[in-house]
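Comments concern the structure below.
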Amino acid sequence: MKDTKDPQARLDALRADTERRNPAQPEFHQAVREVLDSLAPVFAVRPELADPSLGLLERIVEPERQILFRVPWQDDHGRIHVNRGYRVEFNSALGPYKGGLRFHPSVDIGVVKFLGFEQIFKNALTGLGIGGGKGGSDFDPHGKSDAEVMRFCQSFMTELYRHIGEHTDVPAGDIGVGGREIGYLFGQYRRITNRWEAGVLTGKGQGWGGSAIRPEATGYGSVLFAAEMLAVRGLGLSGQTAVVSGSGNVAIYTIEKLQQLGANPVTASDSQGYVVDEKGIDLALLRQIKEVERGRVSEYAARRGPSAKYVAGGSVWDVAADVAFPSATQNELGEEAARTLIRNGVKAVSEGANMPTTPEAVRLFQEAGVAFGPGKAANAGGVAVSALEMAQNASRSAWTPARVEEELAEIMRSIHAVSYETAERYGAPGDYVTGANIAGFERVADAMLVQGLI
Ligand code: NDP
Ligand code: 2IT
């Protein structure tokens with residue numbers, strides 16, 4: 001990289017270098033760019049962090065370790081399939097690598113690196129002593145039997161086990177990985193290692209080391225973050241109409257917390273379409289279809305009656321709302337959707353998913369004065385309660401749901417406060433993207449600096 005003292009020129013050169021060294025990884029480039037674009041104000045105040053001779057930035061964009069492996073498995077008809085397994089151990093300056101596993105056909109090394117990179121700063125924001133990592137596979141759990149999912153998980157863990165551990169790397173769920181998969185993965189880890197090492201995975205069942213409120217934590221946290229952003233503007237969630245995308249773990253508990261706080265979530269979606277329910281989403285029906293039957297949101301509309309309409313292939317962001325919760329996947333909310341939401345009067349957007357809003361759409365929201373909560377801050381509640389699960393495992397205790405929920409609320413308040421105050425301090429009032437990126441970066445950078453050349 002060019003050895004220049006001009007911070008912006010250094011950042012531009014680093015970005016170009018990262019793109020050249022990591023070809024064909026557009027999601028990773030996007031995630032790196034979004035962080036680097038926020039950092040110039042830090043270097044104006046703390047030039048030592050950008051000192052070219054330290055190479056700190058070059059180290060931050062390079063994972064500490066990248067693991068790629070073959071995952072062979074047999075389907076119910078005896079046929080053999082081969083998938084790829086990934087674990088990117090990105091940064092352990094603040095604690096053991098921590099982050100979910102994603103099973104989805106779109107998973108490749110660039111997707112895992114984008115998620116792992118985001119996770120470093122998200123985890124730093126929680127203040128709970130966890131480093132950043134992510135993993136997964138291009139395996140598609142849709143339409144697979146429980147037995148097939150179990151055989152896949154066992155094969156995946158038969159390689160992964162040698163790389164993880166409660167003090168080393170602690171995976172959890174993400175898209176396509178929930179309680180069922182964590183159960184199969186944990187069983188195989190225990191069998192291979194002959195260790196009851198509860199803290200090696202989070203998102204476990206509550207009867208065997210899982211934490212209360214972990215399934216709810218990401219969605220609940222994203223709603224609490226939205227409530228904090230609205231409170232700054234003298235507004236509340238009660239009585240507000242909400243549009244939520246996705247119908248998985250994050251979306252379901254986003255809808256639940258919105259209803260508890262008196263808001264009216266009217267949508268859910270999957271990769272095939274969305275449903276809009278003018279009476280508000282019937283959560284018991286949605287959960288029956290998604291969690292029990294593992295079905296599609298189209299079935300919700302078919303069973304709910306005349307208040308609900310299914311729109312195949314449409315954009316959920318066409319539905320008018322006061323608050324929006326993108327909770328499905330990356331780049332699901334682009335420029336056109338942002339314009340529609342702004343035209344319809346949206347006041348706040350809280351990212352339950354990782355990087356769901358494109359950079360152009362983020363800019364539009366910010367220019368329009370919409371409160372925008374980036375995923376690193378807004379969806380950190382899930383990994384935060386994972387860290388609380390690790391604490392319970394280490395002390396062989398189980399906290400009450402009320403205690404975990406109170407801690408989650410306090411953590412979300414503090415992430416909001418540090419993002420808000422950091423943005424103010426660096427001359428970008430109300431800009432949670434800048435605030436969260438700088439606050440997370442400073443914690444990681446400070447730890448790396450005093451730990452020597454790592
Ligand atoms: P789930 O697998 O439970 O649900 C994913 C949902 O998103 C499904 O409705 C799925 O629909 C939809 N979806 C997935 N891929 C696409 C796509 N390419 N296009 C449109 N819709 C899609 O995952 P989670 O709810 O756990 O995760 C959702 C998001 O939240 C992800 O970005 C994840 O990284 C993020 N997140 C999750 C956390 C957690 O604790 N689980 C913590 C923090 C962030 P379909 O079934 O049709 O694929
Ligand atoms: O993106 C995320 O923060 C997660 N999928 C949760 C990670 C975790 O370790 O709980």
Side-chain angles (χ1 to χ4, degrees), residues 14-15 17-19 21-22 25-36 38-39 49 54-69 84-102 107-137 160 162-175 177 200-202 330 354-355 374-377 379-380 382-384 386-387 390 436-449 451-454:
L14 178 70
R15 201 181 68 217
D17 221 43
T18 308
E19 293 180 6
R21 283 162 57 87
N22 301 276
Q25 298 179 7
E27 294 87 358
F28 179 54
H29 300 169
Q30 185 181 335
V32 168
R33 180 173 195 157
E34 189 238 342
V35 171
L36 294 183
S38 300
L39 296 183
L49 293 181
L54 266 180
L56 178 73
L57 295 170
E58 288 77 359
R59 284 183 274 153
I60 277 189
V61 297
E62 187 69 22
E64 289 176 17
R65 192 174 298 107
Q66 304 183 53
I67 302 151
L68 246 111
F69 51 100
R84 284 197 180 146
Y86 301 89
R87 187 74 184 166
V88 171
E89 298 179 336
F90 221 121
N91 193 302
S92 59
L94 294 178
Y97 310 106
K98 181 84 196 87
L101 297 171
R102 176 176 291 190
V107 167
D108 63 17
I109 190 66
V111 167
V112 178
K113 279 167 68 181
F114 121 62
L115 290 162
F117 188 71
E118 291 279 296
Q119 203 80 42
I120 302 170
F121 308 103
K122 182 196 306 192
N123 293 4
L125 285 170
T126 69
L128 295 173
I130 38 180
K134 201 85 184 191
S137 174
L160 186 69
R162 66 186 86 246
H163 307 289
I164 62 176
E166 63 179 324
H167 300 298
T168 307
D169 183 357
V170 183
D174 194 79
I175 291 177
V177 177
V200 70
L201 291 171
T202 60
Q330 62 270 13
N354 285 307
M355 209 168 75
K376 308 189 175 67
N379 73 38
V383 76
S386 277
M390 292 161 71
N437 282 336
I438 293 182
F441 170 77
E442 285 190 307
R443 287 180 185 178
V444 178
D446 287 340
M448 285 177 74
L449 284 181
Q451 290 179 28
L453 180 52
I454 51 163

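In this structure, CE in Met448 is found 5.0 Å from CG in Leu56, a value given to the nearest 0.5 Å. From Leu115, atom CG reaches atom CD1 of Ile120 across 11.5 Å, with rounding to the nearest 0.5 Å. To the nearest 0.5 Å, the span separating OH on Tyr97 from NE2 on His163 amounts to 12.0 Å. The CG atom of Asp169 sits 9.5 Å away from the CG atom of Leu201 when rounded to the nearest 0.5 Å. Expressed to the nearest 0.5 Å, how far CG of Asp446 lies from CD of Gln451 amounts to 11.0 Å.
For the pair Val32/Leu14, no side-chain contact is recorded, criterion being any heavy-atom separation below 4.5 Å from C-beta on. Between Ile109 and Val88, the closest side-chain pair of non-hydrogen atoms falls below 4.5 Å. The side-chain heavy atoms of Glu118 and Gln330, taken from C-beta on, include no pair separated by under 4.5 Å. Looking at heavy atoms from C-beta onward, Phe441 lies out of side-chain contact with Leu36 at the 4.5 angstrom threshold. In this structure, Asn437 and Pro374 have side chains that are not in contact, with every pair of non-hydrogen atoms separated by 4.5 Å or more.
Using a 4.0 Å cut-off between charged nitrogen and carboxylate oxygen, Arg21 and Glu58 do not count as a salt-bridge pair.
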Check: Glu64 and Asn91: side chain to side chain contact (heavy atoms under 4.5 Å, CB included), yes or no, with the steps?
Finding: CA-CA 6 Å; Glu64 289 176 17; Asn91 193 302; 4.0 Å; yes
Next item on the list: Might you work through the side chain to side chain contact (heavy atoms under 4.5 Å, CB included) test for Leu54 and Leu449, ending with a clear yes or no?
Entry: CA-CA 9 Å; Leu54 266 180; Leu449 284 181; 3.6 Å; yes
Note to self: Pair Lys98, Thr202 - check side chain to side chain contact (heavy atoms under 4.5 Å, CB included), show working.
What the structure shows: CA-CA 9 Å; Lys98 181 84 196 87; Thr202 60; 3.0 Å; yes
Item checked: side chain to side chain contact (heavy atoms under 4.5 Å, CB included) between Arg87 and Leu101, worked out -> CA-CA 8 Å; Arg87 187 74 184 166; Leu101 297 171; 3.6 Å; yes
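Heavy atoms only, all atoms of each residue included: Phe90 and Glu62 are closest at CE2-C, 3.7 Å. Nearest approach of Phe121 to Ile60, heavy atoms of both residues: CZ-CG2, 4.0 Å. Between Asn123 and Gly131, the closest heavy-atom pair is ND2-O, 2.7 Å. Considering all non-hydrogen atoms of both residues, Leu39 and Val35 come closest at CG-O, 3.3 Å. The two residues Asn22 and His29 come nearest to each other via the heavy atoms O-NE2, 2.7 Å. Nearest approach of Leu49 to Ala445, heavy atoms of both residues: CD2-CB, 4.1 Å.
Between the side chain of Arg84 and the main chain of Leu68, no donor-acceptor pair closer than 3.5 Å is present. Counting only distance, with no hydrogens or angles, the side chain of Thr126 and the backbone of Lys122 share no donor-acceptor pair below 3.5 Å. Looking at Lys134, its side chain never comes within 3.5 Å of a backbone N or O of Gly99 through a donor-acceptor pair. With hydrogens and angles disregarded, no donor-acceptor distance shorter than 3.5 Å links the side chain of Thr168 to the backbone of Ile164.
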